Amino acid sequence: MKSLGVILALALAGLQLFAVAVVVFSSFLTSERALLEHARLQLFDVGTNVIQHTRWFMSPARSATELSTALATNEIVRREERDHLEGLLFQQLRSAPQFAGAYYGDEDGNFVYVKRDGDQQYLTKIVDTRADAAQRTLFINRGDDFSNDGQYFDPEDRYDPRARPWYIEAKDVRGSIWTDPYIFFTSQSPGITAATPVIGLRSHVQGVVGVDIEIKALSSFLSELSVGKNGAAVILNRNGDVIAHPNPELLTTETEEGGLRFPSVYDIADPIVKAAFGDRLREDEVSVDSIVQSNFRHMDQDYVSLIMPFGLDDIPWTIVLYAPENDFIGAIIDNRRQNAAIAVAVVLTTALLGLALANRIHEPVRAFAVRSSLISQGEVDPNEPMPRTYKELEHANTTLVNEIAQRRKSEREYRLTFENASRAMAHIECATGKLLRVNKSFCELLGFGTQELDDVTFQSLMDPSERETVGEFESKISGTSAFGFETKVIDKKNAPVWISFNGVFVQPSDQGSMYLVATIDDITQAHVSEEKIETLNRELARFSRHEMLDELATGLAHELNQPLTAITQNVDAAQSTIRTSPENVDALQEVLGAIEQQAHQASDIIKALRALVRKDTNMMTAFELRELLDQARRLVRPDARQHSVEIINTKGPELHVRAMRVQIAQVVVNLLRNAIEAIAEDGSARRIVRMSAEESGDFVLVCVEDTGPGIKDGVELFTPFETTKRDGMGMGLVISRSIIKANGGEMWYDGSKTSARFCFTLTLERQL
Amino acid sequence: MSESDTQSPCVFLVDDDDSIRASLSRALSLRGYDVKTFGSASEFLEVGKDASGCLLLDYGMPDMNGLELQKHLKKLGAKVPIIFITGHGGIPESVEAMKMGAVDFLEKPFKQSILIERIDAALEIDKKRRKISEQSSEAMTRFQRLTEREREIATILTTKTGENSSKEIARRLGISPRTVDHHRARILEKMQVGSVAELVETGIRAGLF
């Protein structure tokens with residue numbers, strides 16, 4: 001059993017710990033989840049922003065090419081007039097600062113190209129395939145106002161626009177295209193070309209207009225973006241090349257041939273980007289169809305990331321955004337640590353306070369417990385004043401004091417009762433049967449002195465010839481339920497003493513072994529009388545049967561007269577028939593049949609009588625009860641007729657019982673005769689005796705009920721010489737009951753009805 | 001049972017035992033008796049008042065025994081002669097039955113010849129009883145036809161046999177002896193008797209006076 005103090009301390013501290021932990025943990029969980037969600041939303045906003053910006057950034061190029069193409073197609077600008085064309089391209093170039101150059105090449109290989117060449121300076125390159133080789137390629141420096149600031153030919157130049165990828169692709173597609181981003185050779189800046197074919201009549205491609213855009217500006221834009229505090233966004237081409245990065249320096253790498261190209265996301269010198277894109281690294285196609293969210297860990301730091309498609313069909317780019325989680329939940333995590341520390345502190349403090357409080361609460365209880373145990377050991381007088389304590393404990397103390405006083409009193413009383421009881425008593429150890437304590441009467445009963453019975457077992461006092469009883473006793477004392485039995489013990493003078501033994505088990509509260517409190521009565525005298533009575537009853541039973549038989553025989557002789565009369569009459573009828581009409585054989589046969597039947601009836605009566613006269617073999621046999629009831633009815637029928645009493649034997653299935661048949665017949669006849677006499681003396685109007693027999697568990701219940709006046713209260717039935725009859729001895733029921741008992745049944749008077757009803761049971765013999 | 005059935009003499013048998021009823025009625029029928037059987041006393045009570053013939057009555061029966069039936073019949077004025085038949089005829093029972101007017105008390109089983117003899121005797125008694133009863137009712141009818149004075153004189157003639165001379169009657173009634181003689185002749189004539197002695201006999205038998 002746990003101490004109250006410990007339980008209090010544990011409960012107080014434990015409850016605090018639990019409450020604090022629940023609050024801290026739940027607030028942490030919910031706020032972190034909300035913030036991470038917020039981070040994703042923010043990343044998404046940034047991504048959308050980048051996409052919008054890029055679209056805004058790139059769309060003028062396409063507009064420019066398309067406008068130029070439209071103008072060329074509609075021959076508003078005549079392609080043959082190079083100055084005109086150059087002017088158009090120059091206009092376009094000036095319209096958007098992000099344009100690096102604008103150009104037009106045709107199917108003949110002619111080419112006009114205007115590009116920026118430093119601040120507010122432009123350079124035009126014109127390839128004329130019709131001119132001499134030396135003058136084929138002309139360069140013109142242009143001012144901001146299209147002024148010619150000098151020109152020269154480059155005889156070495158062999159540029160052919162028709163071989164360029166933008167030209168080939170636009171021509172193939174027969175529509176506007178974007179080239180893959182690449183590094184402009186001259187500016188070493190990343191760029192991309194928008195190209196649109198000029199399609200003439202009969203769907204013939206006449207040339208292609210192109211505009212170069214430097215996308216370095218995208219990187220600058222990215223670098224200006226704030227993605228969390230330490231996050232970033234990069235743009236990937238569909239092949240995995242990083243084409244925009246907050247740090248433009250990282251955007252160019254040298255090819256093995258010495259050229260320049262974009263770094264692939266697989267080998268860019270930005271490990272975070274690599275990690276952010278990490279879970280898609282092994283795929284060939286890096287573009288995504290929908291937004292991919294993920295978390296990753298790099299350099300002991302957790303990140304959230306988002307990979308978004310651009311959602312522009314002709315720009316197959318993907319934007320990768322990432323940011324460290326700490327940017328969003330750092331404060332929360334710090335807060336969490338703080339909270340945990342506070343919680344621990346609170347718990348420790350409470351635990352200490354709890355212990356102190358528990359101790360304080362517990363102290364009076366402990367003192368009370370000590371006092372109680374001292375009182376129960378008798379070292380402290382229960383009436384001594386109590387130290388200050390709780391009200392409840394004071395009540396308990398009062399109860400305890402009363403209880404102790406009561407207990408001492410009852411102990412003393414019990415001791416006196418035990419010692420001086422007129423009945424013999426003993427305490428017997430259950431495990432061994434040893435006599436632990438005996439009283440004076442016990443010693444007197446057996447003639448021993450108290451000391452002589454030390455270390456003696458009860459079994460050794462029992463009559464050794466009654467081995468079965470000794471065994472029964474030993475098995476009973478190893479049980480737990482109270483028991484009683486009768487047996488013979490041997491006293492000091494070796495004389496047998498019949499005793500009635502009643503044992504009750506007692507389990508001492510102080511963990512001692514179980515013992516039996518036995519009360520023993522000397523029944524030697526009663527036993528002898530009982531034997532005598534039994535013999536007497538047996539005698540009486542036999543005598544009563546003989547007497548009854550005498551009476552019955554007279555009646556039965558008369559009863560026989562019924563069938564005999566019928567027989568004589570039938571014989572007379574037969575004789576008459578023979579005399580008057582001997583040929584009427586049918587009539588004769590009928591009469592003879594009747595005679596036979598009546599002869600059997602007579603024989604049945606004789607059988608019934610014989611069944612009752614049969615020698616008393618004292619053997620239990622199995623027999624059919626209803627047949628016996630019917631025979632008994634037959635035996636008393638003369639009586640019944642005489643007093644106009646009808647005996648009804650309730651019908652039912654056969655009932656086999658095991659008993660001494662003759663004796664049962666005697667009982668039934670006795671009951672029937674009592675019933676008939678009761679009716680006759682009363683002069684009742686209804687004159688019926690009803691016999692019934694039915695199965696009831698392992699028994700058969702037989703009842704005899706009459707319509708007589710019933711038994712008045714106060715008449716002790718089943719007591720010798722008690723009778724309601726004018727000339728009765730008052731022995732019939734006594735004998736009947738002892739007969740039924742001897743046959744293993746019970747007999748009683750059922751006073752629940754107004755009329756008299758006697759019942760008895762017999763052991764049912766089950767038919768297999 | 002119709003009126004005529006009970007009027008013609010027959011043997012009534014009341015016994016609760018089926019076999020007795022069956023065998024007795026069979027044997028007696030074969031011997032030419034008209035037998036009617038009843039399973040209980042109460043059954044017979046319904047028709048017994050005017051029964052003519054004789055009654056074979058079982059003594060011990062459930063509900064109502066033979067003796068009780070006999071009492072009932074007597075109360076009703078039934079005069080059918082009763083022969084008790086019993087399986088266990090105790091002397092006290094038979095004495096009581098005879099006191100009550102039973103003609104006989106036979107113990108079962110009885111010899112058939114004795115039974116027949118007793119039945120015949122009982123039937124004869126019944127027959128006589130009936131005849132007497134017829135006669136007395138005739139006498140009664142005739143008596144009714146007398147005038148008042150004649151009845152007065154007839155009563156004196158039969159009841160006061162010591163002082164029934166014409167003179168004494170004349171003096172008692174305050175009329176002349178001749179008138180008394182005249183009345184006496186008329187009485188004898190109307191009552192269809194030959195003498196005063198015969199008138200007395202008839203009168204007593206019919207219970208007129």
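The chains referred to below are lettered A, B, ... by the order of the sequence lines, with proteins before strands, and numbering in each begins at 1. If you're wondering where the values come from, they're calculated on a predicted model, not measured in any experiment.
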If you count the non-hydrogen atoms of other residues, nucleotides and ligands that lie under 6.0 Å from [atom1] in [X], is the total more than 12?
X      : atom1 : answer
B/H72  : NE2   : no
A/R690 : CZ    : no
B/E168 : CD    : yes
B/E148 : CD    : no
B/K79  : NZ    : no
A/R686 : CZ    : no

* To do: Check each atom of A/Q562 against the heavy atoms of chain B and say whether the ones under 4.5 Å are side chain, backbone, both or neither.
  =>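 Contact with chain B involves both backbone and side-chain atoms of A/Q562.
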
* Can you see which heavy atom on B/F110 is nearest to which on A/T565, and at what distance? =>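 Residues B/F110 and A/T565, closest heavy atoms: CZ-CG2, 3.8 Å.
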
* **Atom of B/M61, atom of A/S644 and distance for their closest heavy-atom approach** =>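 Looking at all heavy atoms of both residues, the shortest contact is O-OG, 2.5 Å.
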
* Using a heavy-atom cutoff of under 4.5 Å, enumerate the residues of residues 572-583 of chain A that contact chain B, numbered in order, or state 'none'. =>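 A/D572, A/A573, A/S576, A/T577, A/R579, listed by number.
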
Just verifying a value: how many Å separate [X] [atom1] and [Y] [atom2], rounded to the nearest 0.5 Å?
X      : Y      : atom1 : atom2 : value
A/N570 : B/R26  : CG    : CZ    : 4.5 Å
A/Q598 : B/I20  : CD    : CD1   : 7.5 Å
A/Q601 : B/S19  : CD    : OG    : 5.0 Å
B/D16  : A/E646 : CG    : CD    : 9.5 Å

* **Partner chain B: residue of A/V591, A/V571, A/V645, A/I688 with the largest heavy-atom pair count (under 4.5 Å)** =>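 Ranked by contacts with chain B, first place is A/V591.
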
* Ignoring hydrogens and angles, tell me if any N or O in the side chain of A/N561 forms a donor-acceptor pair with the backbone of B/K108 under 3.5 Å. =>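 Answer holds: yes.
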
* Asked: Of the backbone (N, CA, C, O) and the side chain (C-beta and beyond), which part of B/L115 lies under 4.5 Å from a heavy atom of chain A, both, or neither?
  ->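 Just the side chain, heavy atoms under 4.5 Å.
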
